[in-house]
Amino acid sequence: MKERKGREKAGFFNIHLKDALFLGFCAVFILIFRAAFRLHLNITGHSMLFSIFFLLLARGCISFRLAASLTGLLAGCMAIILGLGKGGPLLLLRFVLPGLIIDMGAFCIPSMFRSYVLCALAGAVASSSKFLSTYIVDTMIGMEKSIIFQHALIESGAAILFGIAGSFFIPPVIRRLKAYGVIDY
């Protein structure tokens, strides 16, 4: 099979170079917004707004099946290196789990990115993964079980609301990108 001119395959995942660069930019934008909103807003879960948006955008624009997971992995590795967040190496879990959930949703329902309801559902389920990561970090700190559960529930509840809000921007953005010919699948 002949590749189109200018569409070289890149590296381990057998993904086009243009697509790999787009995933890298999505990961960088996740971190830029996380760092910009690192201000003490006292709003729990606000970072999920941009995380879910860019993870959904990465998967919606690229036909690679693990696009959101790879974006989450890149963002998680960069967050660990830059020291953004608490949890150390478990910080990677906060980025990869939502990406895996989005990839599974896109695999099961390929037309997910055209529907507001399906994007909101994917954003809610992906944001709910914050419960697991918060629970693990709080357990490792040594908090009481009842407090851990309540804390993780509050954190994930707020993250779900922001994840749903971030997912509502995906269908019009993807529709516009397709109309302008930026997305070719």
Side-chain angles (χ1 to χ4, degrees), residues 10-35 37 45-82 84-116 118-137 152 155-156 158-171 173-174 177 183 185:
F12 177 73
F13 289 109
N14 202 20
I15 185 172
H16 295 288
L17 181 60
K18 178 180 104 172
D19 296 340
L21 287 171
F22 183 77
L23 295 180
F25 282 124
C26 284
V28 167
F29 282 127
I30 288 172
L31 289 180
I32 287 172
F33 282 109
R34 216 170 235 258
F37 288 104
H46 65 280
S47 64
M48 275 297 176
L49 179 75
F50 298 107
S51 296
I52 294 300
F53 173 76
F54 284 111
L55 289 174
L56 281 167
L57 186 67
R59 182 59 181 96
C61 290
I62 296 178
S63 62
F64 180 60
R65 289 184 187 224
L66 295 174
S69 302
L70 185 58
T71 302
L73 181 69
L74 290 171
C77 288
M78 287 188 290
I80 290 172
I81 290 170
L82 296 174
L84 296 174
K86 52 188 175 217
L90 289 175
L91 186 61
L92 193 61
L93 191 67
R94 292 184 184 203
F95 290 97
V96 174
L97 268 179
L100 283 172
I101 292 169
I102 289 169
D103 286 334
M104 285 192 308
F107 178 74
C108 295
I109 308 169
S111 64
M112 174 175 78
F113 302 102
R114 288 185 231 135
S115 168
Y116 286 99
L118 292 175
C119 278
L121 181 65
V125 174
S127 298
S128 70
S129 67
K130 182 151 176 123
F131 180 87
L132 180 65
S133 61
T134 303
Y135 192 87
I136 290 171
V137 170
E155 290 275 330
S156 65
I160 289 171
L161 292 176
F162 280 104
I164 290 171
S167 67
F168 281 140
F169 297 112
I170 292 300
V173 168
I174 298 242
L177 290 174
I183 303 173
Y185 87 99

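A quick note: this is a predicted structure, and the numbers were derived from the prediction, not measured.
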Flag, side chain of S127 to backbone of A124, donor-acceptor distance under 3.5 Å: no

S167 side-chain N/O to I164 backbone N/O, donor-acceptor pair under 3.5 Å: yes

Chi angles and distances behind the side-chain contact (heavy atoms from CB on, under 4.5 Å) call for R59, L66: CA-CA 8 Å; R59 182 59 181 96; L66 295 174; over 6 Å; no

In terms of relative ring orientation, are [X] and [Y] parallel, tilted or perpendicular, with 30° and 60° separating the classes?
| X | Y | answer |
| --- | --- | --- |
| F131 | Y135 | parallel |
| F169 | F53 | perpendicular |
| F54 | F33 | parallel |

Can you name the closest pair of heavy atoms from [X] and [Y] and give their distance?
| X | Y | answer |
| --- | --- | --- |
| L92 | C77 | CD1-N, 3.6 Å |
| G60 | I183 | O-CD1, 4.3 Å |
| T71 | A58 | OG1-CB, 3.4 Å |
| L56 | M112 | CD2-CE, 4.1 Å |
| I170 | C119 | CG2-SG, 3.9 Å |
| I102 | A126 | CG1-CB, 3.9 Å |

Can you find a pair of side-chain heavy atoms, one from [X] and one from [Y], that are under 4.5 Å apart?
| X | Y | result |
| --- | --- | --- |
| S47 | L49 | no |
| F168 | Y116 | yes |
| I160 | M48 | no |
| I30 | F95 | yes |
| F64 | D19 | no |
| I174 | R114 | no |

Over 12 non-hydrogen atoms of neighbours within 6.0 angstrom of CZ in F107: no

[X] [atom1] to [Y] [atom2] distance, which is reported to the nearest 0.5 Å:
| X | Y | atom1 | atom2 | answer |
| --- | --- | --- | --- | --- |
| M78 | I32 | CE | CD1 | 9.0 Å |
| L132 | S156 | CG | OG | 10.5 Å |
| L21 | H16 | CG | NE2 | 13.0 Å |

Residues I62, F22; criterion side-chain contact (heavy atoms from CB on, under 4.5 Å); working and verdict: CA-CA 9 Å; I62 296 178; F22 183 77; 3.5 Å; yes

Ion pair check, D103 and R65, cut-off under 4.0 Å: no

From CA spacing to verdict: side-chain contact (heavy atoms from CB on, under 4.5 Å), L55, C26: CA-CA 7 Å; L55 289 174; C26 284; over 6 Å; no

From CA spacing to verdict: side-chain contact (heavy atoms from CB on, under 4.5 Å), L177, C61: CA-CA 8 Å; L177 290 174; C61 290; 3.5 Å; yes

